[in-house]
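What follows is one structure encoded as structure tokens, with my remarks underneath.
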Amino acid sequence: MLDIRLIRSEPEKVEQALRRRGKEISLKPVLDADARRRALLVEMEALKAKRNEASKEIGRKKKAGEDTDSSMEEMRKVGEQIGALEGKVREVETTLEQLLWNIPNLPDDSVPDGLKEEDNLLVGEWGSPRRFDFAPKPHWEVAANLGIVDFERATKIAGAKFEVFVGAGDRLRRALIQLMLDSHRGRGYVEVGLPLLARRDSLMASGHLPFFEEDQFSIRQEEMFLIPTAEAALANLHRDEILSADNLPMKYASYTPCFRYEKVGAGKESRGLIRQYQFDKVELFKFVLPETSFDELEGLRGDAEAIYQALEIPYRTVLLCAGEMGTASTKTYDPMAWFPGLDKWLELSSCSNCLDWQARRANVRFKRGPKGKPEFVHTLNGSGLAVGRTFAALLENHQQADGSVVIPEALRDYLDGIEKITAVR
RNA sequence: GGAGAGAUGGCCGAGUCCGGUUGAAGGCGCACGACUCGAAAUCGUGUAUCCUGAUUAAUACUCAGGAUCGGGGGUUCGAAUCCCCCUCUCUCCGCCA
């Protein structure tokens with residue numbers, strides 16, 4: 001959520017920034033509602049002040065045994081006026097809130113213009129795509145040949161867009177999670193295990209609602225949602241708290257399954273493990289001092305990229321253009337892995353600085369000392385990494401002509417030292 | 001799921017039956033000051049958040065007002081105190097990995 005005071009003071013600037021996202025949002029209704037709200041408040045608060053004073057007087061008089069009927073009658077009428085005004089205030093505040101909760105974050109000045117993938121800016125590269133002396137297969141073929149992922153049987157349980165990891169496949173999945181968590185722990189993140197369900201207000205705070213309601217899995221017993229990412233839960237970890245500046249930054253890493261009801265058509269980018277209804281992810285999340293958030297974003301990107309490097313997966317990191325960024329973000333890096341089987345670069349991670357946009361929604365603040373005024377923290381989130389896609393990238397990059405997959409050095413400790421996965425039969 | 005008890009400021013804890021200068025006693029903690037070579041102890045002062053208006057370069061300070069005693073609604077001139085709904089916590093029973 002944006003600061004209403006920013007909108008009030010520089011509406012054209014805000015509108016212009018939103019336009020960079022490809023959103024034409026008029027702030028006129030916001031400004032109107034804001035002005036009307038304040039006018040109503042002035043009127044209502046004057047009446048309340050009058051009533052408060054009179055009520056004290058009545059208390060005093062009653063104690064002294066004096067007659068109070070006339071002022072009580074008068075205040076009853078004042079009460080009616082206040083009630084009427086309260087109704088109007090509530091109405092206009094509802095309108096205003098709804099408008100504010102629907103405005104995305106503003107892109108940072110350092111973010112390139114553009115609305116499409118081609119407008120993203122290449123800002124880093126590591127490794128180079130391996131030269132194959134055979135035609136590299138897409139991961140689903142590699143996996144099928146090794147018998148480590150079963151898509152067909154998953155449909156018996158849950159339908160399309162799910163998978164079953166089998167044998168060495170599931171051990172590999174688990175090893176990836178373990179490696180990621182250990183790496184991040186070593187870099188100062190506190191590991192947390194989270195609820196996988198969250199209430200509506202939590203997804204509102206994280207910024208997943210009201211924007212993407214149709215992409216959320218919900219359950220029927222309670223009004224709750226399966227989390228689309230651990231970010232949705234982590235953004236609420238310190239909701240309504242006032243943190244101490246001494247404890248910042250607070251850095252969390254969490255492995256969770258993620259659930260996304262994305263109705264996208266079939267194709268290279270949605271086949272196999274790339275776009276499923278459920279996938280594993282290790283998420284990184286930071287609560288930081290405002291003046292440090294852009295440095296922290298660089299650090300976050302480094303923490304995510306460290307995993308690519310450990311797994312020896314070549315990547316390119318792009319700075320997303322304004323139109324490609326998520327709602328909550330002001331600046332996002334996507335490190336993208338090379339998928340030789342798909343002949344594509346695809347993101348295994350997305351690292352964003354949300355400034356105070358999310359912190360306002362979740363009401364997470366901090367104080368710079370016992371006498372400091374509370375300020376909103378800045379929040380950052382990044383995948384570190386999406387496990388399903390990482391699994392796929394690993395198979396595609398490290399596949400051998402004989403169909404086996406070489407396990408990168410760093411991962412072997414987690415797999416009893418085995419050097420490659422080979423077909424069982 | 002059933003029955004009952006509870007939720008008060010950073011923390012502990014009064015007040016709730018019998019509504020009235022109670023944003024809230026007291027204690028702890030914390031901040032500042034005094035004392036001290038310094039510290040402890042002691043003494044003094046201060047110590048929630050949000051909103052609106054005035055002032056302002058300011059979303060800094062100050063002043064005035066409003067709101068908040070888990071959240072929402074109601075009764076009343078007036079609600080931390082009375083009534084209703086919700087959320088959460090605890091105890092007992094049931095169920096259960």
Side-chain angles (χ1 to χ4, degrees), chain A residues 1-11 13-14 27 30-97 100 106 193 195-205 221-225 236-248 289-291 355-357 359-378:
Chain A
M1 174 152 60
L2 298 177
D3 187 350
I4 181 66
R5 282 172 290 211
L6 174 69
I7 296 175
R8 215 183 273 157
S9 59
E10 304 185 280
K13 236 179 155 174
V14 172
L27 297 177
V30 178
L31 295 170
D32 287 349
D34 176 52
R36 181 163 156 73
R37 168 176 175 268
R38 287 187 288 156
L40 286 169
L41 279 181
V42 169
E43 200 181 337
M44 182 179 76
E45 288 178 0
L47 288 176
K48 282 192 173 178
K50 187 177 169 186
R51 182 176 69 181
N52 286 346
E53 188 45 51
S55 291
K56 278 183 192 171
E57 186 61 29
I58 288 168
R60 240 175 267 138
K61 282 187 176 169
K62 278 212 168 177
K63 216 166 253 177
E66 297 174 33
D67 176 66
T68 57
D69 287 355
S70 66
S71 56
M72 276 169 66
E73 175 57 21
E74 191 191 340
M75 284 312 112
R76 202 186 53 74
K77 285 177 186 153
V78 170
E80 279 171 14
Q81 293 177 47
I82 290 172
L85 283 166
E86 271 178 342
K88 289 183 190 171
V89 167
R90 199 174 312 170
E91 199 180 312
V92 74
E93 282 187 341
T94 305
T95 306
L96 183 60
E97 295 242 310
L100 288 175
L106 307 179
L196 304 182
L197 298 178
R199 286 183 212 277
R200 174 173 289 274
D201 55 336
S202 290
L203 293 219
M204 285 290 283
Q221 285 88 343
E222 300 261 356
E223 205 204 8
M224 293 211 280
F225 300 88
N236 289 279
L237 192 60
H238 293 294
R239 196 161 80 192
D240 297 321
E241 290 184 34
I242 298 178
L243 308 169
S244 162
D246 301 338
N247 296 330
L248 299 178
L289 293 171
E291 61 272 24
L355 301 178
D356 62 1
W357 188 89
R360 275 178 197 283
R361 292 178 156 237
N363 192 28
V364 185
R365 295 173 293 170
F366 75 98
K367 270 192 197 175
R368 292 185 192 270
K371 286 190 172 173
K373 285 269 147 269
E375 301 170 50
F376 287 107
V377 298
H378 283 190

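Every value quoted in this text rests on a predicted model; they were computed, and no experiment measured them.
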Quiz item: Can you find a heavy atom in the side chain of Val30(A) that is under 4.5 Å from one in the side chain of Ile4(A)?
Solution: yes
Self-check item: Within-4.5 Å side-chain heavy-atom neighbours: Glu53(A) and Lys50(A)
Solution: no
Self-check item: Partner set under side-chain hydrogen bond (donor to acceptor under 3.5 Å, both in side chains) for Arg365(A), not counting sequence neighbours
Solution: Asn363(A)
Quiz item: Quick one, which residues of residues 42-51 of chain A touch RNA chain B with a heavy atom under 4.0 Å?
Solution: Val42(A), Glu45(A), Lys48(A), Ala49(A), Arg51(A)
Self-check item: Contact residues, residues 74-90 of chain A to RNA chain B [heavy atom, < 4.0 Å]
Solution: Met75(A), Arg76(A), Arg90(A)
Quiz item: Counting any heavy atom closer than 4.0 Å, what does Ile58(A) reach on the DNA or RNA strands: base, sugar-phosphate only, or nothing?
Solution: base
Quiz item: Glu53(A) or Lys367(A): which one's nearest nucleotide on RNA chain B is closer to the 5' end?
Solution: Lys367(A)
Practice problem: In whole angstrom, give me the gap between the P atoms of C51(B) and U59(B). | Solution: 12 Å
Quiz item: Taking side chain as C-beta onward, heavy atoms only, is Asp34(A) less than 4.5 Å from Ile7(A)?
Solution: no
Self-check item: Pairwise 5' ranking along RNA chain B for Arg8(A) and Glu73(A), keeping only the more 5' one
Solution: Arg8(A)
Exercise. Could I get the full list of side-chain hydrogen bond (donor to acceptor under 3.5 Å, both in side chains) partners for Arg199(A), not counting sequence neighbours?
Key: none
Quiz item: Can you name the side-chain contact (heavy atoms from CB on, under 4.5 Å) partners of Asn52(A), sequence neighbours left out?
Solution: none
Self-check item: First-last contacting nucleotides on RNA chain B - partner chain A, under 4.0 angstrom, heavy atom
Solution: G20(B) to C88(B)
Quiz prompt | Separation between CZ of Arg8(A) and CG of Leu2(A), rounded to the nearest 0.5 Å | solution = 13.5 Å
Quiz item: Looking only at atom P, what distance separates G38(B) and U56(B), rounded to whole Å?
Solution: 45 Å
Quiz prompt | Atom P, compared across U22(B) and A67(B): separation rounded to whole Å | solution = 16 Å
Exercise. List for me each residue that meets side-chain hydrogen bond (donor to acceptor under 3.5 Å, both in side chains) alongside Glu66(A), sequence neighbours excluded, and say none if there are none.
Key: none
Let me have the donor-acceptor pairs involving side chains of residues 77-97 of chain A, under 3.5 Å, with sequence neighbours excluded, atom names and distances please.
unit_1	atom_1	unit_2	atom_2	d
Glu80(A)	OE2	Arg76(A)	NH1	2.7
Glu86(A)	OE2	Lys48(A)	NZ	3.3
Glu93(A)	OE2	Arg37(A)	NE	2.7
Thr94(A)	OG1	Arg90(A)	O	2.7
Thr95(A)	OG1	Glu91(A)	O	3.0

Quiz item: Can you tell me how far P in G15(B) sits from the matching atom in G19(B), rounded to whole Å?
Solution: 15 Å
Self-check item: Where Phe366(A) and Phe376(A) come nearest, the two heavy atoms and their spacing
Solution: CE2-O, 3.6 Å
Exercise. Output all residues satisfying side-chain contact (heavy atoms from CB on, under 4.5 Å) with Asp32(A), sequence neighbours left out; order by chain, then residue number.
Key: Lys28(A)
Quiz item: C1' atom, U81(B) versus C69(B): distance in rounded Å?
Solution: 10 Å
Quiz prompt | Spacing of the P atoms in C30(B) and U16(B) (rounded, Å) | solution = 32 Å
Quiz prompt | side-chain contact (heavy atoms from CB on, under 4.5 Å) partners for Pro11(A), two or more places apart | solution = Leu27(A), Leu31(A)
Quiz prompt | Which residues share a side-chain contact (heavy atoms from CB on, under 4.5 Å) with Met72(A), sequence neighbours left out | solution = Ile58(A), Lys62(A), Thr68(A)
Self-check item: Intra- and inter-strand pairs of RNA chain B in dot-bracket (Watson-Crick or G-U wobble, both distances under 3.5 Å; | for another strand)
Solution: ((((((((.[[[..)....(.....]]]((((((.......))))))(((((((.......))))))).[[[[[..)....]]]]])))))))....
Self-check item: Atom C1', compared across G23(B) and U49(B): separation rounded to whole Å
Solution: 11 Å
Practice problem: Pick the P atom in C43(B) and in G26(B), then give their distance to the nearest Å. | Solution: 15 Å
Practice problem: Report the distance from atom CG of Leu289(A) to atom CZ of Arg368(A), rounding to the nearest 0.5 Å. | Solution: 5.5 Å
